[in-house]
A.B. asks: 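Quick one: the structure is below, questions incoming.
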Amino acid sequence: MNLIAMILIITAILSCILAMVAFWLPQMTPDSEKLSPYECGFDPLGSARLPFSLRFFLIAILFLLFDLEIALLLPLPWSDQLASPVTTLIWATMILTLLTLGLIYEWLQGGLEWAE
C-alpha cells in the first residue's frame with residue numbers, strides 16, 4: 001500500500017477516535033452561569049450603571065500594554081539582517097526601559113495591589 005494512503009487512513013481513524021472520545025467523555029453539567037451569554041460576571045438583565053472596579057480596569061490596561069510590548073518586540077530576532085541592527089537594538093532597549101520604568105512606577109504607587 002502506498003505510504004501516503006496509509007498515513008491518510010491512520011490520521012482519519014485517529015481523528016475519528018479522538019472526536020468520539022471528546023464527545024462521550026466530558027460530563028455535561030450545565031448551570032445558569034455556564035448558560036449565560038455574558039462572561040464578564042455582570043447580570044445581563046440588571047442596570048448598566050453598576051460601579052466598575054477601577055483596579056480591574058488598571059490591571060486590564062497594563063495587560064494590554066505589555067501585550068503590545070510583545071507585538072513591538074516580535075520582529076527583533078530578524079533585525080540582525082538589517083543594514084544597521086544596532087539601531088533596532090537601541091530602539092528595543094528604549095521601549096523595554098520605558099515600559100520597565102512605567103511598571104516600577106505603578107508598583108511603587110500601589111496600582112498593582114489587588115486587595116488593600
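Here the structure is a predicted model, which is why all the values come from computation and not from measurement.
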A.B. asks: Tell me which donor-acceptor pairs under 3.5 Å the side chains of residues 8-18 have, and how far apart each pair is, sequence neighbours excluded?
C.D. replies:
unit_1: T11; atom_1: OG1; unit_2: I7; atom_2: O; d: 3.0
unit_1: T11; atom_1: OG1; unit_2: L8; atom_2: O; d: 2.9
unit_1: S15; atom_1: OG; unit_2: T11; atom_2: O; d: 2.7

A.B. asks: My understanding is that only residues two or more places apart in sequence, or in another chain, count here; which of them pass side-chain contact (heavy atoms from CB on, under 4.5 Å) with A60?
C.D. replies: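 For A60 there are no side-chain contact (heavy atoms from CB on, under 4.5 Å) partners, ignoring immediate neighbours.
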A.B. asks: Tracing side-chain links under 4.5 Å among I, L, V, M, F, W and Y, which residues wind up in one group with W91?
C.D. replies: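 Once heavy-atom contacts under 4.5 Å are chained together, W91 belongs with V86, I90, M94.
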A.B. asks: Test of understanding: with side chain to side chain donor-acceptor pair (under 3.5 Å), list the residues that count as partners of S84, not counting sequence neighbours.
C.D. replies: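 Per chain and number, S84 pairs via side chain to side chain donor-acceptor pair (under 3.5 Å) with T87.
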A.B. asks: Extract all donor-acceptor atom pairs below 3.5 Å that involve side chains of residues 97-106 and protein atoms in other chains or at least two apart in sequence.
C.D. replies:
unit_1: T97; atom_1: OG1; unit_2: T93; atom_2: O; d: 2.6
unit_1: T100; atom_1: OG1; unit_2: L96; atom_2: O; d: 2.6

A.B. asks: So for atom CG, which belongs to L108, do other residues, nucleotides or ligands contribute more than 12 heavy atoms lying within a distance under 6.0 Å?
C.D. replies: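 Atom CG in L108 is crowded, with more than 12 foreign heavy atoms closer than 6.0 Å.
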